[in-house]
Protein chains: 2
Amino acid sequence: MESRIDRIKKQLHGASYKLTPQREATVLVLLEHEEDHLSAEDVFLLVKEKAPEIGLATVYRTLELLTDLKVVDKINFGDGVSRYDLRQEGAAHFHHHLICIECGTVDEIQEDLLGDVEKIVESRFEFAIKDHWLTFHGICKRCKSDVDEGEK
Amino acid sequence: MESRIDRIKKQLHGASYKLTPQREATVLVLLEHEEDHLSAEDVFLLVKEKAPEIGLATVYRTLELLTDLKVVDKINFGDGVSRYDLRQEGAAHFHHHLICIECGTVDEIQEDLLGDVEKIVESRFEFAIKDHWLTFHGICKRCKSDVDEGEK
DNA sequence: CTTTCTGCAAACCTTTTGCATCCAT
DNA sequence: ATGGATGCAAAAGGTTTGCAGAAAG
């Protein structure tokens with residue numbers, strides 16, 4: 001059976017990029033931290049555990065390459081750092097994010113909730129949508145119940 | 001009649017900030033470029049025309065202050081620069097953006113299209129939404145018709 | 001073999017900060 | 001008068017780039 005990493009490798013290969021150990025280690029780290037929103041520095045430190053000789057510049061170059069291939073999405077939550085988020089396999093659009101302003105946690109919504117909104121935008125503004133970025137800021141489930149506890 | 005700039009001034013005053021000429025000039029520039037998405041540098045150059053002695057650091061400090069007061073929203077379209085966008089007076093939520101991947105134009109949608117989506121998010125994920133950021137990438141009306149022209 | 005990739009360090013850019021001076025209130 | 005605000009220059013991030021050597025295909 002073909003694994004996810006194999007398919008990503010094939011994608012690299014197909015675009016005539018070389019399969020170096022550094023690139024493989026970087027992809028592996030991203031797969032192992034699929035739920036997280038790692039910065040380039042985060043990825044660098046994690047890849048270093050597998051390939052200690054890797055340089056930060058290589059990580060940046062690999063992440064840019066994976067962004068071009070749409071394997072990852074590059075996002076910016078406004079804290080001055082770019083973060084790299086693995087795209088769901090075959091997903092047409094980028095998933096949504098919930099950022100808690102209390103605890104800072106970032107949760108993901110994989111389900112696409114924008115179908116109807118996109119129909120409106122496409123027709124009303126004659127805009128052909130290729131992708132979207134949707135982020136909500138608010139209080140997450142966990143922090144809300146902390147408040148409830150405090151009020152008891 | 002009270003003008004928009006007067007109300008912003010009052011807001012500054014109310015939060016016990018001083019009304020300096022530099023701050024006034026910055027607010028003025030933002031009002032004059034309401035449709036644009038200016039970076040700090042852009043604002044700096046425009047403010048310099050009114051107040052040539054202003055420093056870039058002051059512009060940054062003023063923009064941060066206006067962001068705290070929710071007069072402007074700080075956004076990042078992923079090009080490594082923060083941009084500052086005047087919020088509609090009294091708007092509860094930040095407006096949406098349409099970025100054209102052909103010509104780079106950024107259009108705004110002032111109307112809030114996320115009402116239904118937010119209800120779903122609030123109930124299904126028990127997340128109390130305070131604000132949202134929604135951006136679409138695609139081909140704008142103008143570029144689409146350029147293509148049509150080309151095909152004729 | 002050839003071309004691409006890597007690591008290192010330097011360069012770059014945007015944003016922030018320290019500090020002496022200035023100025024609204 | 002006096003505490004906050006400014007301008008300047010330096011510092012501080014994060015990211016990109018040039019280059020010589022290494023290695024994948």
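Throughout, protein chains are lettered first and strands after them, A, B, ... in sequence-line order, and every chain is numbered starting at 1. Just so it is clear, the model here is predicted, and its values are computed rather than measured.
A donor and an acceptor atom, one from each side chain of His97(B) and Asp85(B), are located under 3.5 Å apart. No side-chain N or O of Asp131(B) forms a donor-acceptor pair with one of His137(A) less than 3.5 Å apart. Between the side chains of Gln88(B) and His95(B), no donor-acceptor pair of N or O atoms lies under 3.5 Å.
Arg23(A) places a side-chain N or O within 3.5 Å of a backbone atom of Lys18(A) that can act as its donor or acceptor partner. Looking at Glu122(B), its side chain does come within 3.5 Å of a backbone N or O of Ile129(B) through a donor-acceptor pair. Within the 3.5 Å criterion, the main-chain N or O of Arg4(B) finds no donor-acceptor partner in the side chain of Glu89(B). Remark: the backbone N or O of Leu113(B) is paired with a side-chain donor or acceptor of His96(B) at under 3.5 angstrom.
Spacing between atom CG of Leu19(B) and atom C1' of dG4(D) amounts to 13 Å, rounded to whole angstrom units. One atom, CZ of Arg83(B), and another, P of dT14(C), lie 10 Å apart when rounded to the nearest Å. Atom P of nucleotide dT25(C) and atom OH of Tyr17(B) are separated by 15 Å, given to the nearest angstrom.
Here the CG atom belonging to Leu86(B) is positioned 9.0 Å from the CD atom belonging to Glu108(B), to the nearest 0.5 angstrom. Taken to the nearest 0.5 Å, the CG atom of Leu134(A) stands 8.5 Å off from the CG atom of Leu98(A).
Distances shorter than 4.0 Å separate some side-chain N or O of Thr20(B) from OP1 or OP2 on dT6(D). Considering only side-chain N and O atoms, Gln22(B) lies under 4.0 angstrom from the phosphate OP1 or OP2 of dG7(D).
Using a 4.5 Å cut-off on side-chain heavy atoms (C-beta onward), Asp112(A) and His132(A) make contact. The side-chain heavy atoms of Leu65(B) and Leu12(B), taken from C-beta on, include a pair separated by under 4.5 Å.
Overall, the helix from dC1(C)-dG25(D) to dT25(C)-dA1(D) carries an axis bend of 40° between its ends, with five pairs at each end and the value rounded to 10°.
Near DNA chain D, defined here as any heavy-atom distance below 4.0 Å, the residues from residues 23-51 of chain B are Arg23(B), listed numerically. Of the residues in residues 60-81 of chain B, Arg61(B) come within less than 4.0 Å of DNA chain D through at least one heavy atom, sorted by number.
Within the nucleic acid shown, Ser16(B) has no heavy atom closer than 4.0 Å to any nucleic acid atom.
Closest to the side chain of Lys18(A), from the set dG25(D), dA24(C), dT17(D), is dG25(D). When distances run from any side-chain atom of Leu56(B) to the nucleotides dT15(C), dA5(D), dG7(D), the shortest one goes to dT15(C).
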